Amino acid sequence: MDVSRILDSLNSAQREAVSCDKKSVLVLAGAGSGKTRVLVHRIAWLLQVQGVSPSAIMSVTFTNKAAKEMRSRIGELLQITPQGMWVGTFHGIAHRLLKAHWQDAGLPENFQIIDSDDQLRMVKRLLKEHELDETRFSPKSIQWYINGHKDEGRRAKHVDHHDDPYEKTLIQVYLAYEAACERSGQVDFGELLLRAHELWLNKPTVLNHYQQRFKYLLVDEFQDTNTIQYAWLRVLAGNNNTITAVGDDDQSIYGWRGAKIENIQQFSEDFPGTETVKLEQNYRSTSCILDAANAVIANNPSRLGKELWTDGEAGEPISLYAGFNEQDEARYIVERIEDHVSDHLLRSEQAILYRSNAQSRVLEEELIRTGIPYRIYGGQRFYDRLEIKNAVAYLRLSYGRDDDAAFERVINTPTRGIGNKTVEALRLRARESNTSLWRASEQLIADGSLTKRAITALQNFMTLINDCGEASKTLSLEDLASFVLEASDLMAFHGKETGEKGQARIENLQELVNATRQFEPEGDDSTALREFLDTAALDAGEQQADEYTDAVQLMTLHSAKGLEFPVVYLAGIEENLFPHKMSIEEPGRLEEERRLCYVGITRAMKYLYLTYAETRRWYGQESYNAVSRFVREIPDTCIQEVRVKANISRPVSAGMSYASSDHDTGLILGQRVMHNIFGEGVVLNIEGQGSNARVQVNFDQEGSKWLVAAYANLESI
DNA sequence: AAGATAGTCGTTTTT
DNA sequence: CGACTATCTT
């Protein structure tokens, strides 16, 4: 194939990255600089110019979505789908390895993946077993503790207790957790990575095989890798393989869950002779937006240093709007959305981004009020929904009886008279005999050490599961799913839940049957169930519901990473909210907030609106936040402040006295007032009546603010 | 075993 | 404030 086709459409930095023949390349790809493009073209370069076999290439991404996109774009560019290439997520690839080498990894052949929900349940159970006080040892924090150590590559036996009794207890729980997973053949997300790493370390022949095979490694979103992921990669790369890492230190926003931005710096040290290529030309945004982004991120020390530029137009200035409360902020945003719609932009080309999910409510209310269709991204994954998890638990038990997480979940769902007492007895026996709950049930029934009623109920349950197991051997995946839903009575159980909930649950369950019908197993029918269960555990499932209606997009800044929109509204750009209160004190965390802001700004292609509220109801309390420091970091020349209505030329002097009765606020223009947070100031303007009245005050310290008179408690002085 | 009630807690989220 | 949970009540 013609080499020019691969390089022609690229700029010189991109070309450099694509065709680099060093053993290690670090591509620092700024937002909108064609990162995925470089990865895809590099793979094409390796295959078609270097003549590398597809099976010598492994490309690792972070999310399933990214992996999917990578595969389809490679196919698009090459017009064929290369066979034997591994393209997947860290977790997906680790899982694939563990399935192939379960014995070497010390796992049972049919090990199951548990998600964080199952994990949390297990931790809670263990805390009860160990009679630990949940207020002192919160399940969530224990889960955090375990996952944190796993992400750092530490098992319970590696953790140092520092002679601290509290830490010692945590380690005990971690140990018990490991034992419980072992006993029931369950593997959590962190465990996938940890085991895959241990597989390299403990089985040199296995490692050697894969080192020989995967001569070319590519990693996307490298700034998001955690300790164990990077360690795993490094071992696989060894001294001889070629590794391409693509990432952006300025877009590292997952430090709080273990991502190590340091891995980027470390890379050049670990792989001597690394060639670093910076992609700084941006193809997404106007120069006005880029100037703002550059200016904000420049406030972070210890960056690797990049500056985005474009040869495009300056574009519109960024709008800054100060709402007097969050409803006013929402109203402003929705008005601008309508403006752009009448200006022939689609609703789906406009996104409202916010720091935390709680902000979406007011925005939604306003969108509903004005009848604008919207779609909220994020939220619960399809396979995380209660009814789906229940149904999948039955499928999991059909596949393997020792799956304790699944067993616990549905032993009494729908209710079948197996109470807590019986389940306690099962758990006790399982622990004593070091076996699964299913085997423990068999034992206890044989013993006759349960009440007659419990035995009957338990037997009914086990018969049901065995029937499902039999069905799984003969039926297609889809028929099995239907069978399980009927036999277990889950359909009826969820259907009778109150209000629209029941209806929604039934629809989701039907959607699950749909998913089984559309599922295309890689192997033959005999492995279809296992493959489907793995997908349910590792893949979010399509969230396609109303993808085709033209709707405004709402999402957190975190979930916006990697996306772009012609119009972006960045709502709630206030101190304490963004940067978030919890991150203001520590410099490291503040820098991550700033990177998040950089991510937000760089999502915008043409128009960017920054909005905040001077008064905001937050946790049931009125709060007064100053405009975010990030706004002040943007050069004035990029920003245009939107004036509130026509309050301009009314002269403000002590002599003027508009009757207070007009506004019911008891305030007079030009009057000096005292506010218990902002201190002293002068009333500049009054708008509205009664409880809606709002007052603009120019505070000596804090500058001008709009306040709701009813809440502001202004005192005349 | 469902329904009421008190109590808690409150960024960001993928696998 | 309000969503969620754990515990108590019938």
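Note that the coordinates shown come from a computational prediction; the quantities given were computed from them, not determined experimentally. Each chain gets a letter, A, B and so on, in the order the sequences are listed, and its residues count up from 1.
- When rounded to the nearest whole Å, the span between NZ of Lys581(A) and C1' of dG10(B) equals 11 Å.
- Here dT12(B) presents its P atom at 14 Å from CG of Leu554(A), a figure rounded to the nearest Å.
- With DNA chain B read from its 5' end, the first of the two nearest nucleotides for Gly620(A) and Gly417(A) is the one closest to Gly417(A).
- Between the CZ atom of Arg195(A) and the C1' atom of dT15(B) there is a distance of 17 Å, given to the nearest Å.
- Among the nucleotides dA1(B), dT15(B), dT12(B), the one closest to the side chain of Asn412(A) is dA1(B).
- Think of the region where chain A sits on DNA chain C: with heavy atoms and a 4.0 Å cut, that region ends 5' and 3' at dC1(C) to dA6(C).
- Applying the 5.5 angstrom centroid cut-off and the 30 degree plane-angle cut-off, the aromatic ring of Trp256(A) is stacked upon the base of dT12(B).
- Atom CG of Leu538(A) and atom P of dT15(B) are 9 Å apart (whole Å).
- Comparing dT12(B), dG10(B), dT15(B) against the side chain of Tyr619(A) picks out dG10(B) as the nearest.
- Going from atom CG of Leu192(A) over to atom P of dT14(B) covers 17 Å, rounded to whole Å.
- A salt bridge links Glu191(A) and Arg155(A); the closest N-O separation between the charged side-chain nitrogens and carboxylate oxygens is under 4.0 Å.
- Residue-level contact check: Arg361(A) touches the backbone only, with heavy atoms under 4.0 Å from sugar-phosphate atoms and none from bases.
- The residue from Asn357(A), Ile376(A), Leu353(A) that alone fulfils the side chain to side chain contact (heavy atoms under 4.5 Å, CB included) condition with Met555(A) is Leu353(A).
- We find that CH2 of Trp144(A) is positioned 12 Å from C1' of dT14(B), with the value rounded to whole Å.
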Should Phe90(A) and Thr225(A) be marked as a side-chain contact (heavy atoms from CB on, under 4.5 Å) after you check the CA-CA gap, both sets of side-chain angles, and the distance that decides it?
-> CA-CA 9 Å; Phe90(A) 279 101; Thr225(A) 53; 3.7 Å; yes
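- Of the candidates Glu593(A), Glu574(A), His580(A), Glu593(A) is the only one forming a side chain to side chain donor-acceptor pair (under 3.5 Å) with Arg355(A).
- Of the listed nucleotides (dA1(B), dT14(B), dT12(B)), dA1(B) has the atom at the smallest distance from the side chain of Thr415(A).
- Using a 4.0 Å heavy-atom criterion, one finds that Phe62(A) contacts the sugar-phosphate atoms exclusively.
- Rounded to whole Å, the distance from NE2 on His197(A) to C1' on dT15(B) is 19 Å.
- The aromatic rings of Phe630(A) and Phe578(A) stand perpendicular to each other, their planes meeting at an angle above 60°, with 30° marking the opposite boundary.
- Both His580(A) and Phe493(A) sit near DNA chain B, but only Phe493(A) has its closest nucleotide nearer the 5' end.
- Remark: the separation of the C1' atoms in dT12(B) and dT5(C) is 23 Å, to the nearest Å.
- Here Ser583(A) does not reach the OP1 or OP2 of dT12(B): none of its side-chain N or O atoms lies under 4.0 Å away.
- Rounded to whole angstrom, the span from the OH atom of Tyr383(A) across to the P atom of dT14(B) amounts to 16 Å.
- Put simply, the side chain of Tyr374(A) does not reach to within 4.5 Å of the side chain of Leu363(A), judged on heavy atoms.
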Check the pair Leu426(A) / Leu458(A) against side-chain contact (heavy atoms from CB on, under 4.5 Å), numbers first and verdict last.
-> CA-CA 10 Å; Leu426(A) 293 179; Leu458(A) 200 52; 4.1 Å; yes
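- When heavy atoms are screened at a 4.0 angstrom cut-off, Lys124(A) is found touching the sugar-phosphate backbone but no base atom.
- In the model, Asn147(A) has a side-chain atom that pairs as donor or acceptor with a side-chain atom of Gln119(A) under 3.5 Å.
- The pair Glu365(A)-Arg361(A) counts as a salt bridge, with a side-chain nitrogen and a carboxylate oxygen less than 4.0 angstrom apart.
- Within the nucleic acid shown, Ser116(A) comes within 4.0 Å of at least one base atom, counting heavy atoms only.
- Within the 4.0 angstrom heavy-atom criterion, no nucleotide atom of any strand lies near Asp188(A).
- For the C1' atoms, the distance linking dA3(C) with dT14(B) amounts to 23 Å, nearest Å.
- Using a 4.0 Å heavy-atom criterion, one finds that Phe90(A) contacts no nucleic acid atom at all.
- Residue-level contact check: Asn357(A) touches the backbone only, with heavy atoms under 4.0 Å from sugar-phosphate atoms and none from bases.
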